[in-house]
2 protein chains.
Amino acid sequence: MYRIGELAQLCEVKADTLRFYEKHGLLSPSSRTDSGYRIYTEADAERLRFILRAKAVGFTLAEITELLSIELDKSNWACADVKGMVDDKLASVEAKIAELNHFQLSLQRLSQACCGGPESAEHCSILEALESNTDSIRCENDKHGFAEHEFTKACTDKQDPI
Amino acid sequence: MYRIGELAQLCEVKADTLRFYEKHGLLSPSSRTDSGYRIYTEADAERLRFILRAKAVGFTLAEITELLSIELDKSNWACADVKGMVDDKLASVEAKIAELNHFQLSLQRLSQACCGGPESAEHCSILEALESNTDSIRCENDKHGFAEHEFTKACTDKQDPI
DNA sequence: ATAAACCTTGGAGTTGTATCCAAGGTCAAG
DNA sequence: CTTGACCTTGGATACAACTCCAAGGTTTAT
Ligand SMILES: [Zn+2]
Ligand SMILES: [Zn+2]
Ligand SMILES: [Zn+2]
Ligand SMILES: [Zn+2]
């Protein structure tokens, strides 16, 4: 039997979060004291851990609500249903990864084209790339003029030594 | 010179989005007609394209606001500033990718442990994994009992033929 | 002249996940 | 009996980036 603050501390969430989960139908305390304090049982704690594990693999609270309703009525659901949810989630996670990979590649190319030095950004390749609609990015080796500093190491020998 | 709907169509955004960008200081029309209609110049269109390109590599509107202020005053900024923004963004994108990769791996393991068949979810490995706090997931080959269907292909020969 | 298609504004709603607040009630210790 | 830690509620706020709405004004085509 835990009061809200105790369960929160036990599971490393905030009491507010537990109230939030209750308001949204994910987890209600099994009882209340006479004065209205929430009382959570060990089973409630288990349910909370279920929620947190599902969150840890990427499910949203809406999806977890669905998982919980299956969990409470397993015999009326099939493996296909459960696996379907996991596979749907997997697909959406993979789609997001693909998008982020695209961002990553673009950002890497931008980063590599820029000297990153104290020179004025007037000839910065990054800004130029954002100004124009070409895919190719020109390195700025020759743009700053050697006077400013002699060995800008952009582009030609750009390999981070890590 | 474009009216809002024209520019929107040209750049494949909604007119609402342009008003939103204006409200948030990213893009204001250069003038208005006597009757109050927004009039965008070609320079405005270029600025919008800058915004959209920056979005396409993952920058948020807040970050784009910063980029735009650099863009309009390049000589007072250095390559280091611009590249710093790109590298910060790259780091945050990579962090998010790492998180999603973790989700992906967990979901793949869950998916592989489940037969995905019409059997009751009573012995579903996915649900069991969410119920308990172990990292290892038990395959459900032996749990459903062969009576229900003879060749559950979970776990042992689980390799999607793609 | 009138209908269709466009434009204006301010403001509300969406999705997701909380977090914080104020005003007040409860409980244990000293 | 007072202090401090805890609890209650409802509602407000936050982020991101839109998206939609209503009520009304303007332009263009027929
Ligand atoms: Zn440079
Ligand atoms: Zn640069
Ligand atoms: Zn199964
Ligand atoms: Zn299963």
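Put simply, the side chain of A:D87 never gets that close to the backbone of A:G84: no donor and acceptor are under 3.5 Å apart. Counting only distance, with no hydrogens or angles, the side chain of A:N101 and the backbone of A:A98 share no donor-acceptor pair below 3.5 Å.
In this structure, A:F103 and B:L90 have side chains that are not in contact, with every pair of non-hydrogen atoms separated by 4.5 Å or more.
With a heavy-atom cut-off of 4.0 Å to chain B, the contacted part of DNA chain D has its first and last nucleotide at D:dA17 to D:dT27.
Separating the CE atom of B:M1 from the C1' atom of C:dC6 is a distance of 19 Å, rounded to the nearest angstrom. Rounded to whole Å, atom P of C:dC7 lies 13 Å from atom CD of B:E22. One interatomic measurement links the two molecules: CZ of A:R32 to C1' of C:dT26, which rounds to 14 Å at whole-angstrom precision.
Both B:T17 and A:R38 lie near DNA chain D, and the one whose nearest nucleotide falls closer to the 5' end is A:R38. Where B:D16 and A:R19 meet DNA chain D, the nucleotide closest to each residue was compared, and A:R19 sits on the side nearer the 5' end.
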*Between B:V57 and B:K89, is a side-chain contact (heavy atoms from CB on, under 4.5 Å) present by the stated rule, with each step listed?*
CA-CA 9 Å; B:V57 301; B:K89 191 72 206 175; over 6 Å; no

_Stepwise side-chain contact (heavy atoms from CB on, under 4.5 Å) test for A:E46 and A:T41_ = CA-CA 9 Å; A:E46 268 314 311; A:T41 64; over 6 Å; no

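Between C:dG11 and B:K23, no contact under 4.0 Å exists linking OP1 or OP2 to a side-chain N or O.
Every pair passing ring-ring contact (aromatic ring centres under 6.0 Å, His included) that includes a residue from residues 5-30 of chain A is listed here, sequence neighbours excluded: A:F20-A:H24.
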Show me the protein contacts with nucleotides 15-17 of chain C, counting only N or O atoms at under 3.5 Å.
{"unit_1": "C:dT17", "atom_1": "OP2", "unit_2": "A:L61", "atom_2": "N", "d": "3.0"}

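Salt bridge status for B:E42 with B:R49: present, with a side-chain N to carboxylate O gap under 4.0 Å.
A side-chain contact (heavy atoms from CB on, under 4.5 Å) with A:L130 holds for exactly one of B:L68, B:L67, B:I51; it is B:L67.
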